[in-house]
Amino acid sequence: MTKPIFVLNGPNLNRLGSREPEIYGTTTLAEIETMCRKAADGLPVRFHQSNFEGEIVGWIHEAIDDGAGIIINPAGFSFTSIAILDALKMFPGPIVELHISNIHRREEIYHKSLVSKVATAVIAGLGPRGYATAVNSLKQLMEG
């Protein structure tokens, strides 16, 4: 059986569609999940969102044991979570860090992602369609 791609989403992303639409658009997280599954083209996808750091760390641990690659939008945890950074350091496969907005065009507090230090690639500023780009990129990275 093919190992799944893990798509992990951090805090407040469950509010997509209504949260600051001028920054994040009006696409919901459910619509993004559909985009990811379509882009995966039959590859298994484990799609999760949590507002709790420990739950995200637990899913990374599952990916360490069972996953082919990780796409992670750590949201606010990007800039604060050493626990997520440490868990990602253990993952042997490719990691794509994803941000809906261009974090480098925003306030300075959003410029330094801890996750970027371990990510194979970073995608930012493509809006919700960045998820499909991330899935396609991850598939290429998994091929070697």
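- Residues satisfying the side chain to side chain donor-acceptor pair (under 3.5 Å) test with Ser137, not counting sequence neighbours, are none.
- Val45 and Leu141 fall within a single hydrophobic cluster, where Ile, Leu, Val, Met, Phe, Trp and Tyr side chains are chained together by heavy-atom contacts under 4.5 Å.
- Distance check: Thr28 OG1 to Glu33 CD gives 9.5 Å after rounding to the nearest 0.5 Å.
- Hydrophobic cluster membership differs between Val115 and Phe79, with clusters built from Ile, Leu, Val, Met, Phe, Trp and Tyr side chains linked at under 4.5 angstrom.
- The list of side-chain hydrogen bond (donor to acceptor under 3.5 Å, both in side chains) pairs with a residue in residues 84-99, not counting sequence neighbours, reads Glu97-His99, Glu97-Ser113, Glu97-Ser116.
- With sequence neighbours excluded, the residues forming a side chain to side chain donor-acceptor pair (under 3.5 Å) with Gln49 are Asn14, Asn51, listed by chain and number.
- A donor-acceptor pair is defined here as one N or O able to donate and one able to accept, closer than 3.5 Å; no such pair exists between the side chain of Lys38 and the backbone of Ala132.
- Thr120 places no side-chain N or O within 3.5 Å of a backbone atom of Val96 that could act as its donor or acceptor partner.
- For the atom pair CD1 of Ile32 and CD1 of Ile100, the computed distance is 4.5 Å after rounding to the nearest 0.5 Å.
- Here Ile84 contributes atom CD1 and Ile72 contributes atom CD1; the two are 5.5 Å apart, rounded to the nearest 0.5 Å.
- To the nearest 0.5 Å, atom NZ of residue Lys139 and atom CD1 of residue Ile5 are 7.0 Å apart.
- In this structure Thr80 satisfies the side chain to side chain donor-acceptor pair (under 3.5 Å) test with no other residue, sequence neighbours excluded.
- Around the CZ atom of Arg19, the shell of radius 6.0 Å holds more than 12 heavy atoms that belong to other residues, nucleotides or ligands.
- The two atoms that bring Met142 and Pro94 nearest to each other are CG-CG, 3.8 Å, heavy atoms only.
- Looking at Asn9, Ile123, Asn136 one by one, the single match for side-chain contact (heavy atoms from CB on, under 4.5 Å) with Tyr131 turns out to be Asn9.
- For Arg46, the side chain to side chain contact (heavy atoms under 4.5 Å, CB included) partners two or more places apart in sequence, or in a different chain, are Pro4, Phe6, His48, Glu62.
- The OH atom of Tyr24 sits 13.0 Å away from atom CG of Leu29, with the distance rounded to the nearest 0.5 Å.
- Of all heavy-atom pairs spanning Ala124 and Ser101, the tightest one is CB-O, 3.7 Å.
- The shortest non-hydrogen separation linking Leu138 to Gly69 is CD2-C, 3.8 Å.
- Here the closest heavy-atom approach between residue Ala75 and residue Gly10 is recorded as CB-C, 4.1 Å.
- The side chain to side chain donor-acceptor pair (under 3.5 Å) search around Thr133 returns none, not counting sequence neighbours.
- Taking both residues in full, the closest heavy atoms of Pro44 and Thr2 are given as CG-O, 3.4 Å, listed atom of the first, atom of the second, then distance.
- Here Ile70 contributes atom CD1 and Leu8 contributes atom CG; the two are 6.0 Å apart, rounded to the nearest 0.5 Å.
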